[in-house]
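All chains are named by letter (A, B, ...) in the order of the sequence lines, taking the proteins before the strands, and each is independently numbered beginning at 1.
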Amino acid sequence: MQGPILVFAESSGSEFRKSAFEAVTEARRLADLSKTEVHALSIGHKIRDQASSLGKFGADKVSVAEDEMLKLFQPDFYRQIALDLAKRINPSVILLPATSTGKDLAPRLAIYLNTVVATECTELEISDDDLIATRPAYAGKVLLKVKMRGNPKIATLRPNVFTAKERVPAISPSVESLSFEKPATKMTVKEFVTHGAKKQDLTEAGVIVSGGRGMGGPENYKILEELASVMGGVVGASRASVDAGWRPHSDQVGQTGRTVSPTLYIACGISGAIQHRVGMINSKVIVAINKDPEAPIFGFADYGIVGDVFEVVPALTQEMRKYYGKN
Amino acid sequence: MRRVPDTATRIKIALDGKSIATSDAEFVINPYEEYALEQGVQLKEKYGGEVIVLTLGPEKSTSVILKALALGADRAIHLKSENFPDDPSAVARAIATELKTVEFDVLLFGKKGVDDDSQQVGPMVAELLGIPCVTQIVKLDISAGKAVAHREVEGGVIVVEATLPAAFTAEKDLTVPRYASLRELVAARKKPILVKEPQQFPGILETISVQYPPPRPPGRVLGKGVEAVPMLVKVLHEEAKVI
Ligand SMILES: Cc1cc2nc3c(=O)[nH]c(=O)nc-3n(C[C@H](O)[C@H](O)[C@H](O)COP(=O)(O)OP(=O)(O)OC[C@H]3O[C@@H](n4cnc5c(N)ncnc54)[C@H](O)[C@@H]3O)c2cc1C
């Protein structure tokens with residue numbers, strides 16, 4: 001494979017996303033295998049000061065496009081900037097995080113570059129000078145290994161699967177500024193409305209405390225919020241509780257919600273239906289709290305407690321408080 | 001719109017180790033396309049016009065096309081192909097080629113197919129047609145040649161205005177799909193389906209193997225009620241080492 005590896009280092013506000021560091025780390029690994037360079041692209045607003053931090057994860061070069069208009073993802077603007085750079089540096093591979101931005105941008109680039117995308121990859125390898133991507137399909141019921149003919153190969157990486165690793169010593173990358181000229185567009189990005197003060201997105205969270213129909217009502221999620229807050233995690237939900245209007249759809253885990261892979265997933269009052277399972281089965285450790293010993297969730301949880309969430313969850317929060325107080 | 005195995009179906013790998021054995025799977029309209037279709041029908045009910053469904057797929061797609069016609073579409077275009085490449089870019093190119101002959105204001109896709117989870121066809125078709133595309137939308141308002149769409153992203157929604165004609169890909173919360181009555185299912189059989197061959201494009205994405213994910217090691221129930229809680233914290237720390 002000839003040509004550098006181009007990584008889209010996504011930022012949010014004036015900070016890089018964790019998934020950007022993950023993608024740069026993976027790009028470095030591939031670049032070392034195929035003896036090429038890692039060229040990172042950062043698009044945003046007030047991000048230039050951070051650009052050289054990508055060297056810690058292995059970027060040799062960083063191109064930065066900054067503008068007030070680039071603060072929020074605008075497909076036409078981002079596509080234009082990424083395409084101009086790709087045409088200039090002829091990458092062999094383009095990696096993007098499989099975030100809402102990455103998954104929107106990747107196929108647009110692919111069409112212009114006459115190629116296709118391997119979506120939400122969980123593993124990449126180089127074999128016979130070619131990129132082989134592993135990606136889950138049928139909601140994770142199977143894993144596909146795919147190859148793409150031609151260059152560049154474009155892949156989006158599922159957040160929280162690849163590990164961001166800082167190198168010692170860090171590379172001090174060369175940083176260049178890209179000029180941005182607003183291209184013609186038929187889309188105007190108006191505003192970003194946040195869902196609230198949630199610190200992490202489900203797909204990037206290390207700990208998820210998820211509640212299902214067994215929570216009985218929206219007010220009861222308070223006990224899950226408490227547990228999550230003690231553990232530095234976020235709250236998720238099953239579809240039953242989303243459809244009941246107890247939680248927003250952005251909290252839904254599963255086939256028609258988010259696919260998550262936290263270090264720890266605690267399912268509270270969730271039965272473990274196949275469509276829920278596929279969204280969380282790649283969590284490192286799964287804990288189930290359910291009053292029904294026959295609930296399917298016990299069939300694939302690593303640890304289970306048979307019991308009432310209203311008793312077990314507050315006790316667990318208390319126990320965790322003690323644990324984190326000590327450690 | 002296309003047909004996919006029902007999400008509750010067990011997925012079996014075919015003997016060649018490179019594809020999925022679908023012979024005994026049950027097929028449904030891709031759920032995300034049901035949200036999109038419902039949005040189309042609601043727009044028609046509000047503003048008039050017509051809803052066309054377009055499917056690229058084998059002969060067997062007829063059942064989901066009939067279902068869509070029962071759910072409120074007026075007519076269908078079926079790009080019939082038994083072995084079209086399993087490649088989103090080829091699919092997008094064939095669909096865009098066909099759409100160049102169709103007039104429309106709003107082009108709706110599902111966010112992704114729940115089979116290959118590729119999430120590419122919508123924005124690809126839009127780029128090929130040179131029209132705006134807002135992906136993963138949970139709300140769509142149309143007025144005076146413009147659309148305002150709410151796009152669900154990490155931590156919130158982004159509000160985007162687009163000039164029509166424009167494309168959108170539906171997220172789950174966009175609409176609540178309706179059910180078709182028996183009468184509508186019967187009436188659907190009288191609605192026109194234009195069957196033609198898609199233009200062929202080569203696939204550049206090649207599947208070299210399909211595997212089942214490695215099984216999770218068996219888990220265990222630690223006990224009942226609050227008594228089991230200290231044990232849970234202990235194993236998470238000492239055995240699983242996740243806290
Ligand atoms: C096309 C399609 C897509 C779908 N997509 C998704 C998806 O993305 N995500 C998803 O989650 N589902 C999805 N579903 C729905 C899925 O099939 C299940 O209906 C859903 O996951 C059930 O949610 P639940 O576990 O919260 O509810 P239930 O199945 O009703 O389970 C509730 C559980 O809570 C337990 N419980 C009750 N009270 C208590 C208590 N006090 N203490 C402890 N335990 C208690 C019960 O024993 C039970 O096991 C989809 C379905 C379809 C058809």
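Side-chain contact between E120(A) and D117(B): absent, with no pair of heavy atoms (C-beta onward) separated by less than 4.5 Å. Taking the side chain as every heavy atom from C-beta outward, L232(B) and I305(A) approach each other to under 4.5 Å. P88(B) places a side-chain heavy atom less than 4.5 Å from the side chain of V116(A). Looking at T7(B) and Y138(A), their side chains never come closer than 4.5 Å, going by heavy atoms from C-beta outward. The closest side-chain heavy-atom distance from T207(B) to K145(A) is not below 4.5 Å. Residues I111(A) and R93(B) have side chains in contact (heavy-atom distance under 4.5 Å, counting atoms from C-beta outward).
Listed options M148(A), E191(A), E204(A) were ranked by heavy-atom pairs under 4.5 angstrom with chain B; first place goes to E191(A). Ranked by heavy-atom pairs under 4.5 Å with chain B, the list T259(A), V278(A), T203(A), I286(A) is led by I286(A). Heavy-atom pairs under 4.5 Å with chain B peak, among K190(A), H249(A), M187(A), K284(A), at H249(A). With respect to chain A, the highest number of heavy-atom pairs below 4.5 Å among P31(B), P5(B), S118(B), P215(B) belongs to S118(B). Among K291(A), R17(A), R135(A), Q74(A), the residue making the largest number of heavy-atom pairs under 4.5 Å with chain B is R135(A). Interface summary for chain A: among I20(B), V121(B), D87(B), the most heavy-atom pairs under 4.5 angstrom belong to I20(B). In terms of non-hydrogen atom pairs under 4.5 Å with chain A, the most contact-rich of K112(B), M231(B), E206(B) is E206(B). Between chain A and the options I158(B), T163(B), V157(B), T135(B), the largest number of non-hydrogen pairs under 4.5 Å is found for V157(B). Note on T156(A), L72(A), N114(A): by heavy-atom pairs under 4.5 Å with chain B, the leading option is N114(A). Interface check for chain B: of the options V285(A), V142(A), V242(A), the most heavy-atom pairs under 4.5 Å are formed by V142(A). Contact count against chain A (heavy-atom pairs under 4.5 Å) is highest for I243(B) among I243(B), I13(B), V235(B). When each of P123(B), A162(B), S209(B), G219(B) is checked for heavy-atom pairs under 4.5 Å with chain A, S209(B) comes out on top.
When heavy atoms are compared at a cutoff of 4.5 Å, R220(B) approaches chain A by way of both its backbone and its side chain. Interface residue S283(A): only backbone heavy atoms are found under 4.5 Å from chain B. Only the side chain of I132(A) comes within less than 4.5 Å of a heavy atom of chain B; its backbone N, CA, C and O stay farther away. Contacts of T9(B) with chain A are made by backbone atoms alone, with heavy-atom separations under 4.5 Å and no side-chain atom involved. Residue L264(A) touches chain B through its side chain alone, counting heavy-atom pairs closer than 4.5 Å. Proximity to chain B is limited to the side chain of V287(A), based on heavy atoms less than 4.5 angstrom apart. Residue Q252(A) touches chain B through its side chain alone, counting heavy-atom pairs closer than 4.5 Å. Using a 4.5 Å cut-off between heavy atoms, F298(A) contacts chain B through its side chain alone, with no backbone atom that close. Neither the backbone nor the side chain of I289(A) has a heavy atom closer than 4.5 Å to any heavy atom of chain B. Heavy-atom distances place the side chain of Q275(A), and not its backbone, under 4.5 Å from chain B. Neither the backbone nor the side chain of F201(B) comes within less than 4.5 Å of any heavy atom in chain A.
In this structure, Q42(B) places its CD atom where more than 12 heavy-atom neighbours from other residues, nucleotides or ligands lie under 6.0 Å away. No more than 12 heavy-atom neighbours from other residues, nucleotides or ligands sit within 6.0 angstrom of CD on E15(A). Heavy-atom neighbours of D76(A) CG from other residues, nucleotides or ligands within 6.0 Å: above the threshold of 12.
For the residue pair K141(A) and I11(B), the shortest heavy atom distance occurs at CD-CG1, 3.6 Å. Closest approach of Y323(A) and H237(B) over heavy atoms only: OH-ND1, 2.6 Å. In this structure, P214(B) and L143(A) approach most closely via the heavy-atom pair CD-CD1, 4.2 Å. Smallest separation of non-hydrogen atoms from R151(B) and T101(A): NH2-N, 4.3 Å. The heavy-atom pair separating A240(B) from Y303(A) by the smallest distance is CB-OH, 3.8 Å. Nearest heavy-atom pair, D302(A) versus P217(B), reported as atom, atom and distance to 0.1 Å: OD1-O, 4.4 Å.
Contacts between residues 221-229 of chain B and chain A, counted as heavy-atom pairs separated by less than 4.5 Å, involve V221(B), L222(B), G223(B), K224(B), G225(B), V226(B), A228(B), V229(B).
Side chain of E154(B) to main chain of S100(A): a donor-acceptor pair is present (N/O by atom type, distance under 3.5 Å, no hydrogens or angles). When atom types are taken as modelled, the side chain of R108(A) and the backbone of M124(B) share no donor-acceptor pair closer than 3.5 angstrom.
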Under the criterion side-chain contact (heavy atoms from CB on, under 4.5 Å), I'd like the reasoning laid out for V153(B) against F192(A): C-alpha separation, chi angles, the key distance, then a yes or no.
CA-CA 9 Å; V153(B) 301; F192(A) 174 65; 3.6 Å; yes
Using the salt bridge (Lys or Arg N to Asp or Glu O under 4.0 Å) rule, take K172(B) and D243(A) through it: C-alpha gap first, then chi angles, then the decisive distance, then the call.
CA-CA 11 Å; K172(B) 177 203 155 213; D243(A) 286 353; 3.0 Å; yes
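Between the CD1 atom in I208(B) and the NZ atom in K147(A) there is a gap of 5.5 Å [rounded to 0.5 Å]. Between the NZ atom in K103(A) and the CD atom in Q136(B) there is a gap of 6.0 Å [rounded to 0.5 Å]. Considering CG of L164(B) and NZ of K186(A), their distance stands at 11.0 Å, rounded to 0.5 Å. If you take CD on E127(B) and OH on Y112(A), they are separated by 4.5 Å, rounding to the nearest 0.5 Å. Here the CG-CE distance, from L236(B) to M231(A), works out to 6.5 Å after rounding to the nearest 0.5 Å. Distance check, rounded to the nearest 0.5 Å: OH of Y32(B) to OG1 of T256(A) gives 5.0 Å.
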